[in-house]
Protein chains: 2
Amino acid sequence: MTTRDKLVQAAATLLDRGGEQAVTLRAVGHAAGLSHNAPYKHFRNRDALLAAVAAADLESLTCTFADIRSSTQSPKDELLAALGSLVTFSRERPARYRLVFSAPTLAQADPDLQAQSAACLGEIMAMVEDCKKAGELPDAPTKSLASLFLATIHGLVTMEANGMLQREKGLPTVEENLEMMASLLSG
Amino acid sequence: MTTRDKLVQAAATLLDRGGEQAVTLRAVGHAAGLSHNAPYKHFRNRDALLAAVAAADLESLTCTFADIRSSTQSPKDELLAALGSLVTFSRERPARYRLVFSAPTLAQADPDLQAQSAACLGEIMAMVEDCKKAGELPDAPTKSLASLFLATIHGLVTMEANGMLQREKGLPTVEENLEMMASLLSG
DNA sequence: ACCTGAACACCGTTCAAGT
DNA sequence: ACCTGAACACCGTTCAAGT
């Protein structure tokens, strides 16, 4: 494990434990057993380190999607499983989820990150394509359906994280919303 | 205009000009013609000031929605106009949009903000209700449809801000996605 | 090539006064 | 009640050395 990887790992752990504000370069360096500015030998600045964490998480998500796609479930179940893994990720690692899907400044500045998120969306598109072939989704453009699915998931988990989807308010959960969308699309 | 309002206004302007990182209490105080810690006489800390900006924007959005709802358009056009105003807000004032719809730490900590966002969602629900009565939306629970619409809009504008929806990639725009969703729901 | 320690400018926050 | 100025601890970043 290279020093660079150790720094990325340390930053990810700090994100999980204390959110983005806990990721100071001093804390990252210390957690990796190095000095407070060792990170500068591997990353241009703090944003570049955060972008590296996001890129690693995106790559991992893309792999998860690829695994799901090579399973034996029906295309629609595979798609739902992939979207479900995004929901899980946002709940278990909210700070890292935000970095990946809701950090415009980071995403705009880092072409590598853009490429990784395009690859991730690509996996979703492949699943949508399979669903359409199996007649499990309406015959709309694949890219449109895929981006709509991803957007809906992202919007729902963000609203959940913001406390806008709460049982006491009679609002449906993320899962219930997804089911409804699926049934509306089926006809 | 009270001093408190001046501080909120100054923070909002700084958000528009330089994003969240530009909102230092020193800059806010200075922009309001006060010292660097005058904000502390009106807000518990920086987060409380940002929450006040978000609450003001939410209230303004809710008013806009109420205006649209009292127009003479068809219910469906009113709903689309309301969602469109959210898209416009996110494009013209991205930092403030993020504060309102994508700042979990802020939202969780401030009950006032929670109440304002519930009121805003309430307006959307009323429009959905009108659409259902006019037969312009399927007969699903109002709360489900409303949260699904809001989530979809939020997801789409976030993806756009992140650079994930780009013409060159053959991906549909926010508007195209909305049209598709509307047509899928209609039939 | 990779790392450290000192240093700088900046920021959130607190505190003791001022009117 | 509202404001100011000094002060503190902390942080991102830079720089001059060290191996």
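Sequence lines set the chain letters: A, B, ... in the order given, protein chains first and strands last, and positions in each chain run from 1. Just so it is clear, the structure is predicted and the values come from calculations on it, not from any experiment.
- Using a 4.5 Å heavy-atom cutoff, the side chains of A:Leu86 and A:Leu150 are in contact.
- For the pair A:Glu176 and B:Lys143, the salt-bridge criterion is not met [side-chain N within less than 4.0 Å of a carboxylate O].
- If you take CZ of A:Arg44 and P of D:dT14, they are 11 Å apart, rounded to a whole angstrom.
- From B:Arg4, atom CZ reaches atom NZ of B:Lys41 across 15.5 Å, with rounding to the nearest 0.5 Å.
- A donor-acceptor contact closer than 3.5 angstrom links the side chains of B:Ser71 and B:Glu78.
- Not a single donor-acceptor pair under 3.5 Å links the side chain of A:Ser60 to the backbone N or O of A:Ala56.
- Rounding to the nearest 0.5 angstrom, the gap separating the CG atom in B:Asn162 from the CD atom in A:Gln114 is 8.0 Å.
- Residues from residues 32-43 of chain B lying near DNA chain C, meaning a heavy-atom separation below 4.0 Å, are B:His36, B:Asn37, B:Tyr40 in numerical order.
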Return a table of donor-acceptor pairs under 3.5 angstrom between the side chains of residues 135-142 of chain A and protein atoms on other chains or two or more places apart.
unit_1   : atom_1 : unit_2   : atom_2 : d
A:Glu136 : OE1    : A:Lys76  : N      : 2.8
A:Thr142 : OG1    : A:Glu129 : OE1    : 2.6
A:Thr142 : OG1    : A:Lys132 : NZ     : 2.9

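- Nearest approach of B:Ala51 to B:Leu106, heavy atoms of both residues: N-CD2, 3.9 Å.
- Looking at B:Glu20 and B:Leu99, their side chains come closer than 4.5 Å, going by heavy atoms from C-beta outward.
- Taking atom CZ of residue A:Arg46 and atom C1' of nucleotide D:dC10, one finds them 13 Å apart after rounding to whole Å.
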Would you give me the side-chain donor-acceptor pairs under 3.5 Å for residues 5-19 of chain B, sequence neighbours excluded?
unit_1  : atom_1 : unit_2  : atom_2 : d
B:Thr13 : OG1    : B:Gln9  : O      : 3.0
B:Asp16 : OD2    : B:Arg93 : NH1    : 2.5
B:Asp16 : OD2    : B:Arg96 : NH1    : 2.7

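- Considering CZ of B:Phe149 and CG of B:Leu79, their distance stands at 5.5 Å, rounded to 0.5 Å.
- The stretch residues 22-29 of chain B comes close to DNA chain C through B:Val23, B:Thr24, B:Leu25, B:Arg26, each having a heavy atom under 4.0 Å from the strand.
- Ring orientation note: the planes of A:His154 and A:Phe101 are tilted relative to one another, at an angle of 30° to 60°.
- Looking at B:Ser102 and A:Ser102, their side chains do bring a donor and an acceptor atom within 3.5 Å of each other.
- Taken residue by residue, residues 1-18 of chain A places no heavy atom nearer than 4.0 Å to DNA chain D.
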DNA chain C in dot-bracket, Watson-Crick or G-U pairs under 3.5 Å, [ ] crossing, | other strand?
||.|||||...|||||.||

